[in-house]
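Some notes on the structure that comes next.
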Amino acid sequence: MEIPKQYEPKDAEGRWYPFWEQNNFFAPETQTEADAPVFTMVIPPPNVTGFLHMGHALNHTLQDVLARWRRMNGDKVLWLPGTDHAGIATQMVVTRQLAAEGVDRRDLGRDKFIEKVWEWKAHSGGTIQRQMRILGDSVDWSRERFTMDEGLSNAVQEVFVRLYDEGLIYRGEYMVNWSPGLQTAISDLEVEMKPVKGNIWHIAYPIGADAQDSTASGSERVEGLAEAYAALNEGEQKSGLLKTPQGDFVVVATTRPETMLGDTAVAFNPEDERYAELIGKTVILPLVGREIQFIQDAIVEKEFGTGLVKVTPAHDPNDFAMGKRHNLEFIQVISKEAKITDAAPEKYRGMDRFAARKAVVADLEEAGLLLKIEDYTHNVGHCQRSGQVVEPLLSTQWFLKMKPLAEPALQAVLDGRTKIIPESVSKIYCNWLENIQDWCVSRQLWWGHLIPAYYTPDGTIIVARDEVEARERLLSERLDPNTPLTPETDVLDTWFSSQLWPFSTLGWPEETEDLKKFYPTDVLVTAQDIIFFWVARMMMMGLKFMGDVPFRTVYINALVLDPQGQKMSKTKGNVIDPLDVFDKYGTDAARFALTAASTTGLTLALQESKLESARNFANKIWNATRFVLLNCGDIFEDQEPIEWETTLSEPSLADRWILSRLNAATGEVNSALQEYRFHEAAATLYQFFWNDFCDWYIELSKPFVTDKEITDENRAVKRRIIHILERSLTLLHPLMPYITEELWQRLPHKGETICLNQFPTAGARDEQAEQQMELFTGLVSKLRNIRSTFNIAPSVSINAKVAAAEATSQAVINAMSAQIKRLARIENLEVVTAIEIQKGSVRDVVSDIEIAVPLEGLIDFEKEKARLEGNLTKLSKELEGLQKRLSNADFVARAAAEVVAESRARAAELEDQITKLKAMIEAM
RNA sequence: AGAAGCGUAGCUCAGUGGCAAGAGCGUCUGCCUUACAAGCAGAGGGUCGUGAGUUCGAGCCUCACCGCUUCUACCA
């Protein structure tokens, strides 16, 4: 049989996915047992425009581990795939593509553009799906969904209408985050605050009553204000006014001087005595000439800047609130294009906001009103998608009231109906819900779900599923059903449809079989950056429309960092493409590395070394199987799976031990996955397979397995090794699907695929066998250690004497003596009752066993003495600690009885070893 | 500004109040021992951030401090 010495992942990875998919192994219908438990997950839908990034690779791997594990446990598993229409991102991609062809989106028109998007999706939209197949995602492709599908669009419409009818959706003119780059409103969550180096400009506003026409128009320069301001700041501030021969001035400080064109008040704190005298007075707004009032508002902090704030109600959220409170005028001086409007003086009209800032500053300087410029770094909102500075703008938009929806979603997590892992994330979740703000859901885009609303010529809003229903609603509101209706052109925020994902994908609002069977889902595996965007909103919608939480458990997977522990970002240029990684190391290795790195933390630094060791592990699995196939293939009589052999020969110590270790590993893997401790499952499998199975069991099997004769005993060992290997591959399959399928298919097996092979359940441990094996491995290791310490070449044989105090130890040594000799390369192993003092021997002790290795002439006595004394010191120190503890009456009285007993036993063992070591040193 | 999390071997991280604090990688030594050099065998490496407290007993619990990270809110 030809089997390469190195595992070549490409081969197996290309072959098995089509086989799995064509045979429908991943459809829940594959599980035909009627009362099988149902296990459901919906995939966090990636953007249809996107490519999978490292975060997806991790996210999908963990979901696939769960799905495959549960499926092998006999559950009816549905892992539902799909993609998100990603309004902004997709519109940008297609717009850019059209632009490259020389076509302007606006010339094309809305309907044609949307056609183009669908065309684009048909041709280029399959990337995600192809990549998911490479990852090995065991999703049910027959149930794949897209957020713009007809069914999901119906769900969106239905939800919108119902929420509107309940008064939870409203339309109105409010301050929103406007993205001038995208020409749409965006939600608070889509605004990213970034520190920007800027300035605070201190500007003098002349007091109205005293103001001369000249200063108001700015045609004549005011002299000496800056000096007066400096003087004012020197002394005690009784009054905040600047008194000059040309009249009194107040000073405001601002980071956005261009917005002064829209100022309609100047505000100060009611408790600020410096400005109390200003009540009832007005200022003349420089450059504009508008007379505006003073207001008092507690939001203004006395200590910040000058304690006076210019108020621009149409261009700042706080000022907007003040404007509402004090009934101020709202003057929009910045347009949706971020240009100065006609509401501003002619000179500035049409200027870009940043150009206008420069012009305003220059003109104030000219007029002598600019008193101070401070450097200042402050947080400025940027549009997450376009990167442009967000403009707070007064705009008519649709909003969703969140408080009434948030309350049940909060409660569901507090009372544990949905469990968030890790626990710390649920605090973040709760905190956000407790302070939730209304959500601006309308977007001025073309690609997305149209808001189901109509307007009559007089501006009455009719929300309805379609025009027919709209006319019915007109009638029911006693309006003319033939009134001309203009449909709304705004679309909904993409997250408005994503929040319905756990039930819209199952057919809602229809009462489908799937919906009944699969809702609520069991687990949502997702990333922490979409807890607010997505998880919290799904919770709200699930509770609202399904009356139950959308998922029992939310598992937050780690954020994948680069090898230096830095967040990956395009600007830093440290983004790692998962497909490159999967290509280089193999899918199974990459999956294993990601699973093994999924520890309790919220981040995960992806190191090459982890991928390498995972690749080496895959190779180890390959070669262990290669060994079995080459040496045990001769007993494959038929394809019947090989069970644990008990009849041909009595199981040896090694046999009992490996079965016990397998049971231990099986139990640990099952409980680790049950509790989402992915790294523990991976570590357990790695250690069991490599350290127990390969390092010891396969090694111990060699004399039997490579024997040309097939005795009953040899046959039994072969059958046992095949059994353990088959069980190991099955345990490994959820983490490493391709290599395990590839190898399992070559072993005697039942069933078409390892994907549906029964996952092992843990049998009983054999404590005695484990203890005895520990004695054996300890002895072999000690002998190897002696060889290594004295530089005995592997080719050189040595002799050894051993004497065990306990009868059980003696029995183990006798039973395993051939193996001890083979593994430690001992020519003659003498088992004696006591070792007499003998010069020229290396002495040591392991557990209750004394060892002597005659190495006449090879021993440096000084060094050897130092070595033994080193051991002695170490043991004595430990014993000292134990004795101190045991002599403490409080410890003996209060500590658990087992702990005390253990300490005593350990102390006794140490005393024994110390005595032996002392004798050995003495004898030298 | 608030909130949360993290500081354990050279690196990345595990670690239920109680065995002698672990793993992978890296380092050092010796091996092409018939499954695997992507391997085998052996070794070295730790005042568990600092300081106090609780406890018979603390890497783990409490408090303070230092350092790093993230999230939320945003004051002109």
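We use all heavy atoms of the structure for the numbers below, so side chains are in, but hydrogens, waters and symmetry mates are not. Throughout, a chain's letter reflects where its sequence line sits, starting with A, and its residues are numbered from 1.
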> A/Thr306 side chain N/O closer than 4.0 Å to the phosphate oxygens (OP1, OP2) of B/A76?
Replying inline: no
> Taking side chain as C-beta onward, heavy atoms only, is A/Arg357 less than 4.5 Å from A/Asn199?
Replying inline: no
> Which is it for A/Glu374 and A/His202 under the side-chain hydrogen bond (donor to acceptor under 3.5 Å, both in side chains) test, yes or no, and what are the steps along the way?
Replying inline: CA-CA 8 Å; A/Glu374 285 179 87; A/His202 293 239; 2.6 Å; yes
> Which one, B/A20, B/C40, B/A38, comes nearest to the side chain of A/Lys620?
Replying inline: B/C40
>> When the P atoms of B/U8 and B/C61 are compared, how many Å lie between them, rounded to an integer?
In response: 15 Å
> Which part of the nucleic acid, if any, lies within contact of A/Ile698, taking any heavy atom under 4.0 Å across all strands shown: a base, the sugar-phosphate backbone alone, or nothing?
Replying inline: base
> Do any side-chain nitrogens or oxygens of A/Trp690 fall under 4.0 Å of OP1 or OP2 in B/A35?
Replying inline: no
> Rounding to the closest angstrom, what is the interatomic distance between B/C32 and B/A37 at atom C1'?
Replying inline: 7 Å
> What is the nucleic acid contact for A/Ser781, judged by heavy atoms within less than 4.0 Å: base, sugar-phosphate only, or nothing?
Replying inline: sugar-phosphate
> Which nucleotide, B/C74, B/A35, B/G18, lies nearest any side-chain atom of A/Met193?
Replying inline: B/C74
> What nucleic acid atoms does A/Asn785 come within less than 4.0 Å of, heavy atoms only: base, sugar-phosphate, or nothing?
Replying inline: sugar-phosphate
>> Students often get this wrong, so: under 4.0 angstrom with heavy atoms, is A/Phe532 touching a base, only sugar-phosphate, or nothing?
In response: sugar-phosphate
> What does A/Arg906 touch in the nucleic acid at a heavy-atom separation under 4.0 angstrom: a base, only the sugar-phosphate, or nothing?
Replying inline: base
>> Tell me whether the side-chain N/O atoms of A/Lys567 come closer than 4.0 Å to OP1 or OP2 in B/C71.
In response: yes
>> Taking the C1' atom in each of B/C71 and B/G17, what is the distance between them to the nearest angstrom?
In response: 31 Å
>> Considering every strand and a 4.0 Å limit on heavy-atom distances, what is the contact class for A/Asn888: base, sugar-phosphate, or nothing?
In response: sugar-phosphate
>> Given B/A35, B/C75, B/G18, identify the nucleotide with an atom nearest to the side chain of A/Arg885.
In response: B/G18
> Under 4.0 Å: is that the gap between some side-chain N or O of A/Asn791 and OP1 or OP2 of B/U29?
Replying inline: no
> Taking atom C1' in both B/U69 and B/G51, what distance in whole Å separates the two?
Replying inline: 24 Å
>> Closest-nucleotide mapping onto RNA chain B: is A/Val380 or A/Lys5 further toward the 5' terminus? I mean the 5' end.
In response: A/Lys5
>> Say we look at B/G7 and B/C60: how far apart would their P atoms be, to the nearest angstrom?
In response: 11 Å
> Side chain of A/Val309: nearest nucleotide among B/G39, B/C74, B/A76?
Replying inline: B/A76
> Do other residues, nucleotides or ligands put more than 12 heavy atoms under 6.0 Å from A/Glu774 CD?
Replying inline: no
> With respect to the side chain of A/Lys427, which nucleotide from B/G5, B/C25, B/G42 is positioned closest?
Replying inline: B/G5
> Is a donor on one side and an acceptor on the other found under 3.5 Å between the side chain of A/Lys610 and the backbone of A/Ala605?
Replying inline: yes
>> Using Watson-Crick or G-U wobble geometry with both distances under 3.5 Å, which nucleotide pairs with B/G2?
In response: B/C71
>> From the set B/G24, B/A35, B/C13, return the single nucleotide nearest to any side-chain atom of A/Ala605.
In response: B/C13
>> Counting neighbours of CD on A/Glu880 that are heavy atoms of other residues, nucleotides or ligands and sit closer than 6.0 Å, is the number greater than 12?
In response: no
>> Would you say A/Thr789 places a side-chain N or O within less than 4.0 Å of OP1 or OP2 belonging to B/G30?
In response: no
> Between B/G5 and B/G10, how far is it from one C1' atom to the other, in whole Å?
Replying inline: 25 Å
>> Could you report the tightest heavy-atom contact between A/Asp297 and A/Met322, atom names first, then the distance?
In response: OD2-CG, 3.4 Å
>> Taking atom types as they are modelled, would you say the side chain of A/Asn379 forms a donor-acceptor pair with the base of B/C74 within the 3.5 Å cutoff?
In response: yes
> Just by distance, with hydrogens left out, do A/Asn785 and A/Thr789 show a side-chain donor and acceptor under 3.5 Å apart?
Replying inline: yes
> Counting only side-chain N and O atoms of A/Ser788, is one of them less than 4.0 Å from OP1 or OP2 of B/G30?
Replying inline: no
> Within the modelled atom types, does a donor on one side and an acceptor on the other bring the side chain of A/Arg256 and the base of B/A76 under 3.5 Å apart?
Replying inline: no
> Considering Watson-Crick and G-U wobble pairs with both distances under 3.5 Å, what does B/U62 pair with?
Replying inline: B/A52
>> Please pick, from B/C75, B/A38, B/A35, the nucleotide with the shortest atom-to-atom distance to any side-chain atom of A/Phe304.
In response: B/C75
>> Please compare A/Ile792 and A/Tyr376 by the position of their nearest nucleotide in RNA chain B and report the one closer to 5'.
In response: A/Ile792
>> For B/G39, give the paired nucleotide (Watson-Crick: N1-N3 plus N6-O4 or O6-N4; G-U: N1-O2 and O6-N3; both under 3.5 Å), or none.
In response: B/C31
>> Using the side-chain heavy atoms of A/Asp695, tell me which of these nucleotides is nearest: B/A41, B/A4, B/A35.
In response: B/A41
>> Counting the atoms with a prime plus P, OP1 and OP2 as sugar-phosphate, which does A/Gln437 contact under 4.0 Å by heavy atoms, base, sugar-phosphate, or nothing?
In response: nothing
>> Using 30° and 60° as the class boundaries, would you call the ring planes of A/Phe617 and A/Trp690 parallel, tilted or perpendicular?
In response: parallel
> Contact class for A/Gly881 (heavy atom, under 4.0 Å): base, sugar-phosphate, or nothing?
Replying inline: nothing
> What is the pairing partner of B/G46, taking Watson-Crick or G-U wobble pairs with both distances under 3.5 Å in any strand?
Replying inline: none
>> Using a 4.0 Å heavy-atom cut-off, does A/Asn318 contact any base of the nucleic acid, only the sugar-phosphate backbone, or nothing at all?
In response: sugar-phosphate
>> Classify A/Arg615 by what it touches in the nucleic acid, base, sugar-phosphate, or nothing, heavy-atom distance under 4.0 Å.
In response: base
>> Students often get this wrong, so: under 4.0 angstrom with heavy atoms, is A/Val300 touching a base, only sugar-phosphate, or nothing?
In response: base
>> Can you see if the side chain of A/Ser903 gets near the phosphate of B/C19 - specifically, an N or O under 4.0 Å from OP1 or OP2?
In response: no
> Which is true for A/Arg825 with a 4.0 Å heavy-atom rule: it touches a base, it touches only sugar-phosphate, or it touches nothing?
Replying inline: base
> Is there a donor on the side chain of A/Gln6 or the base of B/A38 sitting less than 3.5 Å from an acceptor on the other?
Replying inline: yes
> Does A/His378 have a side-chain nitrogen or oxygen under 4.0 Å from the phosphate oxygens OP1 or OP2 of B/A76?
Replying inline: yes
>> In terms of relative ring orientation, are A/Tyr7 and A/Trp622 parallel, tilted or perpendicular, with 30° and 60° separating the classes?
In response: tilted
>> Suppose you measure atom C1' in B/A21 against the same atom in B/C48; what distance do you get, rounded to whole Å?
In response: 8 Å
> From the list B/C25, B/A35, B/A20, which nucleotide is the closest neighbour of the side chain of A/Lys702?
Replying inline: B/A35
>> For B/A21, give the paired nucleotide (Watson-Crick: N1-N3 plus N6-O4 or O6-N4; G-U: N1-O2 and O6-N3; both under 3.5 Å), or none.
In response: none
>> Just to be sure I understand the rule, does A/Gln607 reach a base, reach only the sugar-phosphate, or reach nothing, if contact means heavy atoms closer than 4.0 Å?
In response: sugar-phosphate
> Is there a side-chain contact between A/Ile334 and A/Arg256, using heavy atoms and a 4.5 Å cut-off?
Replying inline: yes
> When rounded to the nearest Å, what value does the distance between P atoms of B/G2 and B/A14 take?
Replying inline: 29 Å
> In terms of side-chain heavy atoms of A/Ser609, which of B/C25, B/G42, B/G39 is nearest?
Replying inline: B/C25
>> Which nucleotide, if any, forms a Watson-Crick or G-U wobble pair with B/A9, using both distances under 3.5 Å?
In response: none
>> What's A/Thr706 touching, base or sugar-phosphate or nothing? Going by heavy atoms closer than 4.0 Å.
In response: nothing
